[in-house]
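Taking it in order: structure first as structure tokens, then the write-up.
Whatever order the structure lists ligands and atoms in, that order sets their numbers, starting from 1.
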Amino acid sequence: MLRHLMSPLDFSTEELDKLFDLANDIENNPQKYAHACDGKILATCFYEPSTRTRLSFESAMTRLGGQVIGFSDATSSSASKGESVSDTIRVISCYADICAMRHPKEGAPMVAAEKSDIPVINAGDGGHQHPTQTLTDLLTIRSMKNTLSSFTIGLCGDLKFGRTVHSLINALVRYEDINFIFISPEELRVPDYITDMLKEKNIPYEEVIRLEDVMPKLDFLYMTRVQKERFFNEEDYIRLKDFYILDKAKLSLAKEDMLVLHPLPRVNEISVEVDDDPRAAYFKQAKYGVYVRMALILTLLNITVA
Ligand code: CP
């Protein structure tokens, strides 16, 4: 059966457990998987800039023995001549076995999936969802803390436009005993549809403005960038871009075993002086992104390795 990944909720928590077990096995036994995708082709169709998502997908397929085609910029594809996403994916289906698509418009990968003969993976659609980042975040939490339940997570920064935040909250509500603390300026608060969903499910959350006030409570701090590309007004962006800067002084208020996560790219919101702190987990997180995408490619292509 043809299966796509549009949202982290497309996989049950049991299926996610299997995916993460596979990702951990790939991490520990990379040679076992080195030819699992021999003869297979991944297309990366990126209509929006990316470093981690595109290159980690390409690294993942290459490490599985497969090959990669694609474009990294809408202007170098026939989208610049007016071709629709639906037509593009019909053609890509003739050239590749699986496709990862990033698009600035919410829902564009879903439109592609409806017309596709091959699995389509949403690699980020506008301010909506970023499911493979969420898989990366969950694998990082599970691998580094051995659990996906009973913790307090602070999500800090641009909670309005941050698709990584929206995807992660949606995914975490399926686990037991998670407390959410949303840390943002008034203008960048988490959207109402998310707080409505939390209320409906009786899941506890707090909304605060000052990071320092909640730092001692956190088991995870998920920092995010204020996203210039989603602002309509440059003045608002300039006013809000440095609202949060995590530095050593602020980190000194945190638990000794708290972990700092960030989907990256970072701009100023985490000072580089924090990078050497053992709690800084964001570069390790980027590495987990390769293992989980390798596991995802195998799963969507129905390839098992004995
Ligand atoms: N985390 C993430 O999506 O990074 P890129 O925009 O570089 O892909």
Side-chain angles (χ1 to χ4, degrees), residues 5-8 23 42-63 68 70-77 98-109 120-141 143-144 153 155-172 188 220-231 237 241 244 246 259-270 272 275 280-297:
L5 180 75
M6 293 296 120
S7 148
L42 164 75
T44 53
C45 299
F46 276 59
Y47 296 82
E48 223 188 26
S50 166
T51 296
R52 269 144 299 279
T53 311
R54 187 172 66 82
L55 295 182
S56 64
F57 263 117
E58 296 191 1
S59 173
M61 190 47 138
T62 307
R63 285 167 194 262
V68 180
F71 53 87
S72 57
D73 179 354
T75 60
S76 67
S77 78
I98 186 165
C99 172
M101 178 179 287
R102 171 170 288 188
H103 203 286
K105 282 200 185 140
E106 281 87 353
V120 176
I121 301 168
N122 177 2
D125 61 328
H128 184 219
Q129 295 269 336
H130 193 346
T132 61
Q133 181 63 49
T134 300
L135 300 185
T136 302
D137 302 338
L138 296 179
L139 176 64
T140 306
I141 292 172
S143 302
M144 296 187 75
I153 182 165
L155 298 116
C156 177
D158 180 356
L159 308 188
K160 180 178 179 182
F161 298 113
R163 60 191 173 200
T164 60
V165 167
H166 305 159
S167 270
L168 182 58
I169 298 167
N170 268 322
L172 282 175
L188 297 178
F220 297 94
L221 172 60
Y222 195 91
M223 292 296 293
T224 62
R225 169 178 69 97
V226 174
Q227 301 185 69
K228 187 177 184 184
E229 66 274 28
R230 312 261 179 245
F231 273 78
Y237 170 71
K241 71 185 174 71
Y244 298 106
L246 177 65
L259 290 182
V260 183
L261 303 174
H262 192 312
L264 304 176
R266 127 180 90 184
V267 186
N268 284 330
E269 61 280 1
I270 302 180
V272 290
D275 293 355
Y282 29 93
F283 291 117
K284 233 179 219 175
Q285 188 182 353
K287 197 160 187 184
Y288 281 118
V290 178
Y291 303 131
V292 89
R293 288 180 176 101
M294 289 171 81
L296 180 65
I297 289 169

Would you please say whether a donor-acceptor pair under 3.5 Å links the side chains of [X] and [Y]?
X: Q133; Y: T164; result: no
X: S167; Y: R163; result: no
X: E58; Y: T44; result: yes
X: Q285; Y: D137; result: yes
X: H262; Y: R225; result: no

Is there a polar contact, in the sense of an N or O pair closer than 3.5 Å, between P49 and ligand 1?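 No; every N/O pair is 3.5 Å or more apart.
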
Test item, E48 contacting ligand 1 (heavy atom, 4.0 angstrom):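 It does not; every heavy atom stays at 4.0 Å or beyond.
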
Specify the protein heavy atom at minimum distance from atom 6 (O) of ligand 1: its residue, its atom name, and the distance to 0.1 Å.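 Result: R102 NH1, 2.9 Å.
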
Where does L264 meet ligand 1, judged by heavy-atom distances below 4.0 Å: at the side chain, the backbone, both, or neither?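 Looking at L264 and ligand 1, just backbone atoms fall under 4.0 Å.
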
Numbering as shown, the atoms of ligand 1 that approach P263 to under 4.0 Å (heavy-atom distance):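 Close to P263: 1 (N).
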
Under 4.0 Å from a heavy atom of T51: which atoms of ligand 1 are those, numbered in the order shown and with their elements?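 Near T51, meaning under 4.0 Å from one of its heavy atoms, ligand 1 has 5 (P), 7 (O), 8 (O).
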
Aromatic F57 / basic R293 pairing, under 6.0 angstrom, 45° off normal: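 Cation-pi check for R293 and F57: passes.
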
As a check for students: among H130, R52, Q285, identify the option with a heavy atom nearest to atom 3 (O) of ligand 1.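 The option holding the nearest heavy atom is H130.
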
